[in-house]
S.K.: 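One structure, pasted below without further comment.
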Amino acid sequence: MSETPHSQPNLFDRHALDAHRARSKPQSMFLQQLARDEVEDRLTLVNRTFTKPAIVSGFGKIWENFSQSAKIVTDSEVLDLEPGAHDLVIHAMSLHWANDPVGQLIQCRRALQEDGLLLLMALGGRTLHELRTVLAEAESQLNGGLSPRVSPMAEIRDMGALLQRAGFALPVADVVPQNAEYRDIFHLGRDLRLMGEGNALSSRVKNFTPRRLFEHADTLYHQHFSTPAGRLHATFELVCLTGWCPSDSQPQPLRPGSAKARLADALRVPEKPLPKD
């Protein structure tokens, strides 16, 4: 889709993202597998049987044996989902690459039946904060400026707010932290490429980057974020979002002023007036 003179450019380059994913290797997909394990564990805690699931993923093969009735679709800008066709939508590790995250969530809600569940896993704001810090410091010291090298990722509070903006009921957001260790920054970069999570920013640097920049960043990484064994610590923050397609059968909040008892009485504490200014 071409941009109009007044349109905002896309944050992510979809062609670059697809190319990165095409070069990924199954043995390096530990984040995707962790996300699947989390989804399966969380679904066991839901007292419901889902018979019409849909899965949105950039790596559909990981989900092929999830359910015989599951429809697996790619995480394109326009999702191949029929309105009201599913009782469960799993959005798997793709929202952090979406140019329109609210649009993705709205499409998921429209695909759900009444009282259907959305379960979403995505990378959150503290993911690779160590790498982001040392690359910015190294480039500032060597080049006197910064280049977009690590994708910005939303904080959990912002991601939770997206569920409400998209019209979901009973929204919940929580974090699954995951830590990894690497020999050096080159080992980390190779792992990111093999898991299809390389830099796909539209504004990324497309010309050759001198190796000395990464060597300096590696030195800073070891200075600031190394383990006692001398390996590099890398943070991956998996954010889990759950929300329900609105239904009259769901618990509803009470109207303001409808309480029949005072909070002070329930807590068994004296009620005191607020001090006047």
Side-chain angles (χ1 to χ4, degrees), residues 32 34-58 63 66-67 69-127 153-177 237-261 263 266:
Q32 299 287 338
L34 177 63
R36 173 169 172 163
D37 292 343
E38 278 292 323
V39 166
E40 292 177 336
D41 288 345
R42 289 165 186 264
L43 287 176
T44 63
L45 302 177
V46 180
N47 189 24
R48 285 274 295 274
T49 299
F50 298 101
T51 60
K52 300 177 181 178
I55 302 170
V56 179
S57 174
W63 297 90
F66 176 79
S67 168
S69 60
K71 179 178 182 179
I72 303 174
V73 303
T74 188
D75 60 329
S76 56
E77 297 292 336
V78 179
L79 301 177
D80 183 22
L81 296 175
E82 297 179 15
H86 302 282
D87 55 3
L88 169 67
V89 172
I90 298 168
H91 201 291
M93 296 295 285
S94 299
L95 195 70
H96 55 277
W97 288 119
N99 284 308
D100 182 12
V102 176
Q104 289 280 300
L105 295 178
I106 290 175
Q107 292 180 74
C108 291
R109 179 177 57 79
R110 289 175 177 170
L112 284 169
Q113 300 171 351
E114 185 176 292
D115 202 29
L117 174 65
L118 168 73
L119 206 165
L120 182 147
M121 301 292 299
L123 293 178
R126 285 191 56 78
T127 297
M153 298 178 193
E155 299 294 334
I156 184 173
R157 60 181 179 274
D158 300 321
M159 296 177 73
L162 293 181
L163 287 174
Q164 294 179 311
R165 288 180 59 188
F168 282 96
L170 310 174
V172 176
D174 66 280
V175 169
V176 181
E237 182 182 66
L238 273 67
V239 174
C240 178
L241 304 179
T242 58
W244 296 84
C245 189
S247 169
D248 292 338
S249 64
Q250 294 165 351
Q252 303 296 321
L254 295 175
R255 296 189 305 276
S258 63
K260 294 182 172 60
L263 179 61

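Predicted model only: the values in this text are computed from it and were never measured. Throughout, residue positions are numbered sequentially from 1 according to the sequence presented.
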S.K.: Can you see which heavy atom on Glu114 is nearest to which on Pro246, and at what distance?
M.R.: CG-O, 3.5 Å
S.K.: What's the shortest heavy-atom distance between Gly167 and Arg109, and which atoms?
M.R.: O-CD, 3.4 Å
S.K.: Taking all atoms of both residues into account, what is the closest heavy-atom pair of Lys71 and Val73, and its distance?
M.R.: CE-CG1, 3.7 Å
S.K.: Can you find a heavy atom in the side chain of Glu38 that is under 4.5 Å from one in the side chain of Cys240?
M.R.: no
S.K.: How many angstroms lie between atom CD1 of Ile156 and atom CG of Asp174, to the nearest 0.5 angstrom?
M.R.: 6.0 Å
S.K.: Under the side-chain hydrogen bond (donor to acceptor under 3.5 Å, both in side chains) rule, what do Asp115 and Ser247 come out as? Steps first, then yes or no, please.
M.R.: CA-CA 5 Å; Asp115 202 29; Ser247 169; 4.8 Å; no
S.K.: In Å and rounded to the nearest 0.5 Å, what is the CZ to CG distance from Phe168 to Leu117?
M.R.: 9.0 Å
S.K.: May I ask you to test the Val175-Leu238 pair for a side-chain heavy-atom distance under 4.5 Å?
M.R.: no
S.K.: Counting heavy atoms not belonging to Lys52, are there more than 12 under 6.0 Å from its NZ?
M.R.: no
S.K.: Measuring from Leu81:CG to Arg110:CZ, what's the distance to the nearest 0.5 Å?
M.R.: 12.0 Å
S.K.: Is the backbone N or O of Glu237 less than 3.5 Å from a side-chain atom of Thr127, with the two atoms forming a donor-acceptor pair by type?
M.R.: yes
S.K.: Verify side chain to side chain contact (heavy atoms under 4.5 Å, CB included) between Leu162 and Leu241, making sure each step is shown before the conclusion.
M.R.: CA-CA 10 Å; Leu162 293 181; Leu241 304 179; 5.7 Å; no
S.K.: What heavy-atom pair brings Ala173 and Gly160 nearest, and what distance separates the two atoms?
M.R.: CB-CA, 4.2 Å
S.K.: Quick test of your reading of the model: are Arg48 and Asp87 salt-bridged, counting only N-O distances below 4.0 Å?
M.R.: no
S.K.: How long is the span from the CZ atom in Arg36 to the CG atom in Asp41, to the nearest 0.5 Å?
M.R.: 11.5 Å
S.K.: Only counting residues at least two apart or in another chain, list the ones meeting side chain to side chain contact (heavy atoms under 4.5 Å, CB included) with Ala122.
M.R.: Leu95, His96, Leu120, Met159
S.K.: What distance do Glu40 atom CD and Ile90 atom CD1 have between them, rounded to the nearest 0.5 Å?
M.R.: 8.5 Å
S.K.: Could you tell me which non-hydrogen atom of Glu155 sits nearest to which non-hydrogen atom of Gly125, and how far apart they are?
M.R.: OE2-CA, 3.8 Å
S.K.: Measuring only between side-chain heavy atoms, which start at C-beta, is Trp63 closer than 4.5 Å to Val39?
M.R.: yes
S.K.: Shortest non-hydrogen contact from Gln107 to Glu77?
M.R.: NE2-O, 2.9 Å
S.K.: Can any side-chain N or O of Gln113 pair as donor or acceptor with the backbone N or O of Cys245 at less than 3.5 Å?
M.R.: no
S.K.: Which value, rounded to the nearest 0.5 Å, describes the distance between Leu170 atom CG and Thr242 atom OG1?
M.R.: 8.5 Å
S.K.: Go through it in stages, so that I can follow the logic: the residues are Ser76 and Thr74, the test is side-chain hydrogen bond (donor to acceptor under 3.5 Å, both in side chains), and I'd like the CA-CA distance, side-chain angles, deciding distance and then a yes or no.
M.R.: CA-CA 6 Å; Ser76 56; Thr74 188; 5.6 Å; no
